Amino acid sequence: MILEIAQYEHPALRTKGRTIATIDDAIHQLVADMVETMRAAEGIGLAAQQVGRPLQLFVLDVAQTKEHPSRMRIAGKSVEFDDMMPLAVINPVITPFGRIRAASEGCLSFPGLRGDVLRPMAVRVKALAIDGSSLEFEAEGLLGRAVQHEFDHLQGILYLDRMSPPDLANLPSQAQRLARPVPPS
Ligand code: ZN
């Protein structure tokens, strides 16, 4: 089922997600619906906050985006996206690393808007997979950026908060006024 995507000042977008204690049938259904919603909206990532459910959960799918390369490694070995995507990430802990780069980002909660965001180019992730097994990987490129963008959603942080001031100033005032300082991590 395609879910409604929370936009702009929707309170769920500013709510830190609860840890998922049990991956039950309701979570399986939520993940299936989030993947369907993300694909229908042609997104590469969607956080539970964005469907009005503040939980420590996001989904990703970068398998179709050829023009912005991504790399993913598990236990030091490169993996094929086709085997991994769509990917549900539950209760993640992340460690961003590498050089800090600016790149253009969009967000399904702010349709049609884009702006440059500075982020480290890679990230290490420790989380649970949808089957409850441990999920550990490293991601670089577009996937590394998407993981950090979605992880921010789980903390109630929006990409507007990290956007370069000139790019933020180019957005409609309705979006600009929602930007907040990022709390220290
Ligand atoms: Zn977003």
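Quick caveat: nothing in here was measured; it's all calculated off a predicted structure.
Here the CE atom belonging to Met34 is positioned 4.5 Å from the CG atom belonging to Leu57, to the nearest 0.5 angstrom. Atoms CG and OH, from Leu13 and Tyr8 in turn, are 11.5 Å apart once rounded to the nearest 0.5 Å. For the atom pair Gln64 CD and Glu42 CD, the distance stands at 11.0 Å (nearest 0.5 Å). Atom-to-atom distance recorded for Asp33:CG and Arg53:CZ is 9.5 Å, nearest 0.5 angstrom. To the nearest 0.5 Å, the span separating CE on Met84 from CG on Leu60 amounts to 10.0 Å. Residue Asp152 holds its CG atom at 11.0 Å from CD of Gln49, rounded to the nearest 0.5 Å.
Taking both residues in full, the closest heavy atoms of Leu108 and Gly45 are given as CD1-O, 4.0 Å, listed atom of the first, atom of the second, then distance. Summarising the geometry of Ile44 relative to Met38, their closest heavy-atom pair is C-SD, 3.6 Å, with the distance given to 0.1 Å. Looking at every heavy atom in both residues, Ala129 comes nearest to Ile23 through O-CD1, 3.6 Å. Closest of all the heavy-atom pairs between Val93 and Phe151 is CA-CE1, 4.4 Å. Here the closest heavy-atom approach between residue Pro86 and residue Arg39 is recorded as CD-NH2, 3.3 Å. Of all non-hydrogen atoms in Leu113 and Tyr159, the two that sit nearest each other are O-OH, 3.3 Å.
Remark: the backbone N or O of Ser104 is paired with a side-chain donor or acceptor of Arg114 at under 3.5 angstrom. For the pair Gln148 (side chain) and Pro120 (backbone), a donor-acceptor distance under 3.5 Å is present.
Side chains of Ile157 and Pro183 form a contact here, defined as non-hydrogen atoms less than 4.5 Å apart.
Arg119 pairs with exactly one of Glu150, Glu140, Glu105 by the salt bridge (Lys or Arg N to Asp or Glu O under 4.0 Å) rule, that one being Glu105. For the side chain to side chain contact (heavy atoms under 4.5 Å, CB included) with Ile130, the qualifying choice from Val89, Leu135, Ile90 is Ile90, the only one to do so.
Side-chain polar atoms of Asp24 and Thr22 form no donor-acceptor pair below 3.5 angstrom.
Cluster partners of Phe97: none. The rule joins Ile, Leu, Val, Met, Phe, Trp and Tyr whenever side-chain heavy atoms lie under 4.5 Å apart, and it links nothing here.
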